[in-house]
Every structure is written in C-alpha cells, then in structure tokens.
A.B. asks: 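I'd like to ask some things about the structure below.
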Protein chains: 2
Amino acid sequence: MVKRTSHRDADCPVARPLDAIGDWWSLLIVRDAFDGLRRFGEFQKSLGLAKNILSARLKNLVSHGILDTVPASDGSAYQEYVLTGKGRGLFPLLVALRQWGEDHFFQPDESHVTLLDRGTGLPVRRLELRSQDGRLLEPEDTVVKRLPPSEKGDG
Amino acid sequence: MVKRTSHRDADCPVARPLDAIGDWWSLLIVRDAFDGLRRFGEFQKSLGLAKNILSARLKNLVSHGILDTVPASDGSAYQEYVLTGKGRGLFPLLVALRQWGEDHFFQPDESHVTLLDRGTGLPVRRLELRSQDGRLLEPEDTVVKRLPPSEKGDG
DNA sequence: GAGATATGGTTTTAATATGAAACCACATGG
DNA sequence: CCATGTGGTTTCATATTAAAACCATATCTC
C-alpha cells in the first residue's frame, strides 16, 4: 500500500519515518488531528481527498502508531481517530514545516494563517536548534555520528 | 511531474510546501545536501534511487528554489547542486524529523546515528516550541489564526 | 585518434499508486 | 418500509514510479 523503505538508508532516523509520514497526505491528516478533527468525514471534508485514499492513509497512520482508533464519543457505532503520544511527537515537525512554509511560500502581501500562543495571542517563537549549553547551532555546527555505545547498566 | 496542490488547503503554510518536499525522496536529497553531497552521482550512490527519479527530484527542488545548480567546482563540464537559503531553511524541519525518528522508530537496543554539536561532541538539544516570553508550548497551548492585518506603513 | 570507461543524464516500458465514482453496510428518521 | 447520512470498500482509468536501456560528453589508454 505504501512504499517500504528498502535501501541502505534504513537505519537513518531521517529516512525511517518516511514510511509513516513521507507521503503527501499523511502530514495533513496529522495537522488536522492536532486541530481537533477526529472523524473520517471531518478529515475528508477538510482535505478533499478520495475516500479510499483517506482510508488507506488512516490505516497506515494507525498501523504506525501515530493515530489510534477509539470506539465512540457521540454514542454512535463509529470510531474516531486520535493522536497517540507518538503522533503528538510530530508537533515540532509540523511547526517547522509551517514556519518554513510561511517564510518561503507566500508573497509579502499574501495573507495566511500563523501559529499563535493561545495565552497571549502573540506569534510563537521561531524554532531553533541549540547546543546543550544554549548556543544557537547552524547546520555547519553539527555532525551526525553514531554515538559511542553508552555503557550505562553494563560497566 | 509532481502533484500540484489544488485543494482548499492551498493557503495553509503546512500544505503549500508539500509540492516541493512532500514526496519520499526530496527530503532525503536535502539531508544529503546538508551532509555536503553536491553531485548527481553522489546523490544516486547515497540514496540508491533510479536516475530518472533523481533527475526529476533535483529539477523539482531547483524549480522550487531549494537547490541551485552551480557550474563546476572541479573544472569539469558538469554541474553541482547546492542548497539555497530557502533550502538551508529546512534545517529545523530535518532536525525535527530526525529527533522524532530517533524517539519512535528504533528499538532501545538498536544503534543509530544522531546529531551532535560539532564543537563539544555532545548531542544537540531537543527542539521545542516556546512562546515569545519563553514558556514551553504544547499543542494545546497554541491556535492557528489569520493574523489581523498589521498596519505597518499605512496607518 | 580509435576504442574503453566514467559521468550525467533521457527515453522507453512495466509495475504500482492514486483518484473518481460506484457500490455496500449499517444506523437513524419518518 | 423508504429515504438519508456516515463510514467505508471495490472497480477501473490514469498518473507516478522504477528499472533498464540508451545517449552524449569527457577522460584515459594506447
């Protein structure tokens, strides 16, 4: 149904999640779930995608533990789709995507929605990468490495 | 070549970027670009994808201003692909994806690479969303809203 | 300078995924 | 019992992807 990761990248933490959310719709479904949508029909109306595709994406998200199906809520025999802890963990990624989108995909005069702090009504801070001691890190300031196996518990 | 965003979501800053990076490979190409890869052959070797697909993805990334083609570097008649400012802006998104992947797609005993502060060799901090005044924000603490049109320049 | 090899693609063709629409099952309302 | 709404699945046409073959240019060898 969805492409399997089958190349040498399979042990990269960037590549592996793409089976779960690497397609066009899945992230939008998750975004809608963060906005409180729960029902099949709500997602379909919001996204305007074909029902079979939505069905497949929801199944895939559930199978990856990003959404969970819960029985009722309004007493009907239907089920609802809610974010799991793993799904909620996608919040920073969605914010990063949103901020990048705001920065680079809108004309200066083009209005769009933005993310606000509910308490103050002010825009949220920009996401930024920092070191343990708080320095702002640019891409050049980082390396990806296999950590030396930590010796906790077996020394 | 690549799917066009054509539904009502087109003015959402989460949805619009998906034309550019919403497919399986593009983010991995960008990740490799952050790792310093520049040549067609380098990307192909690293990712193991078909040449026609790589060609299409590179074209799409270039057409979206994420990569730029520069003439030489080793004097050969070929071109290289380098990140633009817009492309570099994807760094937080990649870090978010990486952190989420590390958290949820590996067994506790399964080793994988991680992102380190080049200076200290320590892991980087976790990405987190904060308010203007520095409070940590959970999804529930935020709203998406169309900002009231700022009056700068015409009051 | 003719032939072998490497790089950087494009073209061709088959497999796969996507999307629209029709269909189905169940429940609710009259 | 008939009509309607929700939540899907099935069917089928089309679009995307992928593998492999092909091509152009450049370099390397003799």
Side-chain angles (χ1 to χ4, degrees), chain A residues 1-10 15 18-29 32-33 36-64 67-82, chain B residues 1-10 15 18-29 32-33 36-64 67-82:
Chain A
M1 172 178 54
V2 166
K3 171 158 31 174
R4 303 262 120 248
T5 131
S6 61
H7 56 294
R8 67 175 110 335
D9 252 335
L18 294 180
D19 263 357
I21 52 155
D23 72 287
W24 224 85
W25 292 114
S26 297
L27 267 184
L28 292 177
I29 293 172
D32 277 357
L37 271 56
R38 302 165 67 98
R39 298 288 283 250
F40 187 96
E42 292 179 317
F43 291 113
Q44 213 226 327
K45 186 171 174 210
S46 163
L47 297 171
L49 83 175
K51 299 206 287 183
N52 52 349
I53 304 299
L54 176 57
S55 182
R57 289 298 171 276
L58 288 172
K59 273 196 219 313
N60 192 46
L61 288 168
V62 168
S63 83
H64 277 94
L67 294 179
D68 203 1
T69 52
V70 304
S73 150
D74 65 344
S76 67
Y78 302 127
Q79 54 187 357
E80 302 187 341
Y81 300 88
V82 299
Chain B
M1 170 179 56
V2 165
K3 171 160 25 175
R4 303 262 122 248
T5 130
S6 61
H7 56 294
R8 67 174 109 337
D9 252 334
L18 294 181
D19 263 358
I21 53 154
D23 73 287
W24 223 83
W25 291 114
S26 297
L27 267 184
L28 292 177
I29 293 172
D32 277 357
L37 272 55
R38 303 164 66 99
R39 297 288 284 252
F40 187 96
E42 290 179 319
F43 290 113
Q44 212 226 328
K45 185 171 174 210
S46 164
L47 297 171
L49 83 176
K51 299 205 287 182
N52 52 349
I53 303 300
L54 176 57
S55 183
R57 291 295 170 277
L58 288 172
K59 273 196 219 312
N60 191 46
L61 288 169
V62 169
S63 83
H64 277 94
L67 294 179
D68 202 2
T69 53
V70 304
S73 153
D74 64 346
S76 66
Y78 302 125
Q79 54 186 357
E80 303 187 341
Y81 300 89
V82 298

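Keep in mind the model is a prediction, meaning the values are calculated, not measured. Labels below follow one simple rule: chain letters A, B, ... track the order of the sequence lines, proteins then strands, and each chain is numbered from 1. Below, all heavy atoms of this structure are taken into account, side chains as well, without hydrogens, waters or symmetry copies.
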A.B. asks: Check whether any side-chain heavy atom of D68(B) lies under 4.5 Å from a side-chain heavy atom of Y81(B), and answer yes or no.
C.D. replies: no
A.B. asks: Looking just at side-chain N and O atoms, do S55(A) and N52(A) make a donor-acceptor pair shorter than 3.5 Å?
C.D. replies: no
A.B. asks: Would a distance-only check, ignoring hydrogens and angles, find a side-chain to backbone donor-acceptor pair under 3.5 Å from N60(A) to D19(A)?
C.D. replies: yes
A.B. asks: Can you check the D23(B) CG to dT16(D) P distance for me, whole Å?
C.D. replies: 12 Å
A.B. asks: Return a single string for nucleotides 5-14 of chain C, one symbol per nucleotide in 5' to 3' order, where B is base contact, S is sugar-phosphate-only contact and - is none, cutoff 4.0 angstrom on heavy atoms.
C.D. replies: --BBBBBB--
A.B. asks: Round to the nearest Å and state the distance from L47(A) atom CG to dG7(D) atom C1'.
C.D. replies: 16 Å
A.B. asks: Mind checking whether Q79(A) and F40(A) have side chains closer than 4.5 Å, heavy atoms only?
C.D. replies: no
A.B. asks: Nearest whole angstrom, please: distance from the P of dA20(C) to the CD of Q44(A).
C.D. replies: 10 Å
A.B. asks: If we ignore hydrogens and angles and just use 3.5 Å, is the side chain of E42(B) paired with the main-chain N or O of R38(B) as donor and acceptor?
C.D. replies: yes
A.B. asks: Indicate whether OP1 or OP2 belonging to dG19(C) is found under 4.0 Å from a side-chain N or O atom of W25(A).
C.D. replies: yes
A.B. asks: Tell me: CG of N60(A) to P of dT16(C), nearest whole Å?
C.D. replies: 18 Å
A.B. asks: Let me know the distance between CG of L28(A) and P of dT18(C), rounded to the nearest Å.
C.D. replies: 14 Å
A.B. asks: Can you tell me the distance, in whole Å, between the CG atom of L54(B) and the C1' atom of dT17(D)?
C.D. replies: 14 Å
A.B. asks: Could you tell me the separation between the CD1 atom of I53(A) and the C1' atom of dT11(D), rounded to a whole number of Å?
C.D. replies: 13 Å
A.B. asks: Among T69(B), V70(B), L37(B), L67(B), find the one that has a side chain to side chain contact (heavy atoms under 4.5 Å, CB included) with V82(B).
C.D. replies: V70(B)
A.B. asks: How long is the line joining CZ of R57(A) and C1' of dT9(D), in whole Å?
C.D. replies: 16 Å
